[in-house]
Amino acid sequence: MSWQIERLDRSLGEWRADWDALNQRLYKGHPFRDSRFVEPLLQHFGQGCEHLCIHRTEGRIDGMLIFCARGFGIWRQFVPDQAQAAPALLENAALLKTLFAALSPFAWMIELLCQDPQFVPRTLIEEDETTRVLQHALTMNIDLKGEFASYWSERPKKLVQNMRRYGRRVVEAFGTPQTRVIKTPEAMRDAVARYGELESAGWKGGVGTAIHIDNPQGAFYAELMLRFAETERAEVVEYWLNDKLAASRLVVHGGGLVVMLKTAYDESLAKFAPGRLLLEHFLARAFAEKRSEFVEFYTDATPDQLAWATGQRYIQHAMFFRSPFFSTLYDTAYRVKQKLFTRGSQLADEDNLNIHYCERIDALPKDNERLFQAGEETSFDLSSDWFPLLEPVVSKANARVVYVGLESNQEMLAVLPLLRRTGLLVKQTSGLSNFYTSLYRPLLSPAVTIEQMATLLRQMSSEMPTDVWRFDAMDVDHPSYALLESALQQTGFRTYRFFGFGNWYLPVENRTFDEYFQGLSSQLRNT
């Protein structure tokens, strides 16, 4: 077993075939790990300091990564902004632990950025004594199994109604819209140029982040789309209203996935929602063609976007340390930095953020009712009726109930129902829950950010010092779980996940009892 380190000259060079072969073996040719994606990244955004790390076990390549040196003893994976999920080709996560000595005698930290947990070894992004993991962005996907009509019937009613309304508006104003799909290599550059003009005319053009065919971003996308189009793996999907381009999407295929790279729309037509209408048309075609298994968006999804999703997960950053000594040193330095430098940012936010500490739920600002009503739609034990019933059961001499609310500009962003326990040695703050609770989470507005939650937790730690935070009966797949976990990490706490209990459930939609009963095992039916 050994690592080989090669300096790259903005290209994978002679290692291109090995790179693609490993990507095919591990991830069925995931587009973001394809050399046709990686090489344009190196060419247009590489700094010339990139190194390719190749690992072999018994002569067989089983690991390939691209790194740059960043500071003394720190090596960071090559991840430009255009790579929403970075390529880490590792057959076994344990291989990374052996890379330190090959990089440098002084290497003490390796950073892997933008890792998709669905396409890396599971143990790569699990915390241990030498690994730290941070949540980065909530991405989403759509499972293309079944028919589009079935998928669409399961979307929120508000989304379906809005799309129907937008569709009527378009027909009334422009007549029947046209969807054009550009696939041929010779047409790719012009299609990317049209996309760039659309994006440059909007807010991204105003702040200088839009792609244009003559800037590095435009050249990058034109090249990768051309490369994928040569094997019929790329398409630019356009939405036209008469002779006016209203929206455009850049799309690549591979590994059973269709990946949405970029989306732009004419902002002067915002009231018609052309970008959303294009997405609806695209999905209907994707379900019909069955060319791929999933549509991947690789975005930091908003609540509106998640209404389209059938699945979601967090893209993660991972830091690996040469030994527990270095991870402990890093943790200590991080906590010191938080104490020295976060006080100013906390005070800067105080004009906009108000924190309420209340012993009764009805003492919170009235706007809190909206958050509890949204919680009640999921479970009765996230309602404003449930928590007061729980209070007398959990309250003791050393345990005090407190509701903490975060408010900004007279809008409630969060309510945390908590139980404060004070012992002789340890002060613990936990969620307001016990063995009666089937589900717990903070009541959060979709607008709340990790930074705002971290500010709240810092202030709470000052007002009611806490040694241990404990939250039970939480749904690990709900966005509030990862948001709370990341906020605690930003505050300087180490977080640990542990199994509480499982849930079992029976979907009853779209089938009769007889259909359900026939799906049970013959032994159960006979019994």
Side-chain angles (χ1 to χ4, degrees), residues 116-118 122 125-127 133-143 154-156 158-159 296-316 368 370-384 386-387 390 403-406 412-419 429-454 456-457 469-491 493 495-507:
D116 182 347
Q118 198 158 302
R122 181 179 55 83
I125 48 176
E126 288 183 349
E127 285 209 352
V133 179
L134 298 174
Q135 310 290 358
H136 171 56
L138 180 64
T139 189
M140 56 182 262
N141 64 8
I142 296 173
D143 190 335
E154 296 170 356
R155 296 310 94 210
K158 184 177 180 181
L159 171 63
E296 293 286 354
F297 288 80
Y298 287 111
T299 184
D300 195 0
T302 66
D304 285 344
Q305 291 171 321
L306 289 172
W308 297 78
T310 62
Q312 61 189 54
R313 61 191 183 275
Y314 270 89
I315 302 298
Q316 298 171 313
N368 79 84
R370 175 177 52 85
L371 299 181
F372 283 102
Q373 287 169 359
E376 189 173 1
E377 291 179 3
T378 301
S379 176
F380 68 87
D381 42 11
L382 295 173
S383 69
S384 58
W386 169 256
F387 289 106
L390 197 60
Y403 296 92
V404 182
L406 179 65
M412 290 297 290
L413 296 178
V415 174
L416 277 69
L418 301 171
L419 187 66
T429 301
S430 63
L432 183 51
S433 63
N434 75 346
F435 48 83
Y436 291 121
T437 301
S438 58
L439 183 66
Y440 173 86
R441 66 170 176 258
L443 289 307
L444 304 180
S445 162
V448 72
T449 67
I450 294 174
E451 290 71 22
Q452 289 170 331
M453 282 295 291
L456 172 63
L457 292 169
W469 297 91
R470 181 185 175 106
F471 298 95
D472 292 284
M474 293 192 71
D475 178 3
V476 69
D477 294 321
H478 193 273
S480 62
Y481 186 99
L483 190 147
L484 179 60
E485 185 178 47
S486 296
L488 284 164
Q489 291 168 348
Q490 284 197 19
T491 311
F493 281 87
T495 58
Y496 300 91
R497 298 185 178 196
F498 59 94
F499 178 78
F501 54 86
N503 185 32
W504 61 297
Y505 56 93
L506 173 65

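Atom CG of Leu484 and atom CD of Gln489 lie 10.0 Å apart (nearest 0.5 Å). Rounded to the nearest 0.5 angstrom, Phe471 CZ and Thr495 OG1 are separated by 11.5 Å. In this structure, Leu159 CG and Gln305 CD are separated by 12.0 Å, a value rounded to the nearest 0.5 Å. Atoms CG and CG, from Leu406 and Leu457 in turn, are 9.5 Å apart once rounded to the nearest 0.5 Å. Note that CD of Gln316 is 4.0 Å distant from CD1 of Ile125, once rounded to the nearest 0.5 Å. With rounding to the nearest 0.5 angstrom, the CG atom of Asn368 is 9.0 Å from the CD atom of Gln373.
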Give the intermediate values and the outcome of side chain to side chain contact (heavy atoms under 4.5 Å, CB included) for residues Leu413 and Leu456.
CA-CA 11 Å; Leu413 296 178; Leu456 172 63; over 6 Å; no

Check: Hey, mind stepping through Leu444 and Met453 against side chain to side chain contact (heavy atoms under 4.5 Å, CB included) and telling me if it holds?
Finding: CA-CA 10 Å; Leu444 304 180; Met453 282 295 291; 4.0 Å; yes

Q: With side chain to side chain contact (heavy atoms under 4.5 Å, CB included) as the test, would you mind laying out the steps for Thr310 and Arg155 before giving the verdict?
A: CA-CA 9 Å; Thr310 62; Arg155 296 310 94 210; 3.8 Å; yes

Asp475/Arg441 under side chain to side chain contact (heavy atoms under 4.5 Å, CB included): CA gap, chis, key distance, verdict: CA-CA 8 Å; Asp475 178 3; Arg441 66 170 176 258; 5.6 Å; no

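The two residues Ser438 and Ser379 make their nearest non-hydrogen contact at OG-OG, 4.2 Å. The heavy-atom pair separating Phe372 from Val415 by the smallest distance is CZ-CG1, 3.8 Å. In plain terms, the two heavy atoms of Gln452 and Ala447 that are nearest each other are OE1-O, 3.9 Å. Pairing each heavy atom of Leu371 with each of Ser445, the nearest pair is CD2-N, 3.7 Å. Contact detail for Ser433 and Leu390: the closest heavy-atom pair is CA-CD2, 3.8 Å. When all heavy atoms of Tyr440 and Leu416 are compared, the closest pair comes out as OH-C, 4.4 Å.
Arg313 places a side-chain heavy atom less than 4.5 Å from the side chain of Asn141. By the 4.5 Å heavy-atom criterion applied to side chains, Met474 and Glu485 are not counted as neighbours. Looking only at side-chain heavy atoms (C-beta outward), Asn503 and Leu439 stay at 4.5 Å or farther from each other.
Side chain to side chain, Tyr436 and Asp381 fail the donor-acceptor criterion of an N or O pair below 3.5 Å.
Proximity of a side-chain donor or acceptor of Ser383 to a complementary backbone N or O of Trp386 within less than 3.5 Å is detected. The closest donor-acceptor contact from the side chain of Tyr298 to the backbone of Asp116 lies at 3.5 Å or more, if one exists at all. Of the possible polar contacts, one joining the Thr437 side chain to the Asn434 backbone as a donor-acceptor pair under 3.5 Å is found.
In this structure, Phe498 places its CZ atom where more than 12 heavy-atom neighbours from other residues, nucleotides or ligands lie under 6.0 Å away.
With sequence neighbours excluded, no residue forms a salt bridge (charged side-chain N to carboxylate O under 4.0 Å, His left out) with Asp300.
Salt-bridge annotation for Arg497 and Glu126: absent, with no side-chain N of the basic residue lying under 4.0 Å from a carboxylate O of the acidic one.
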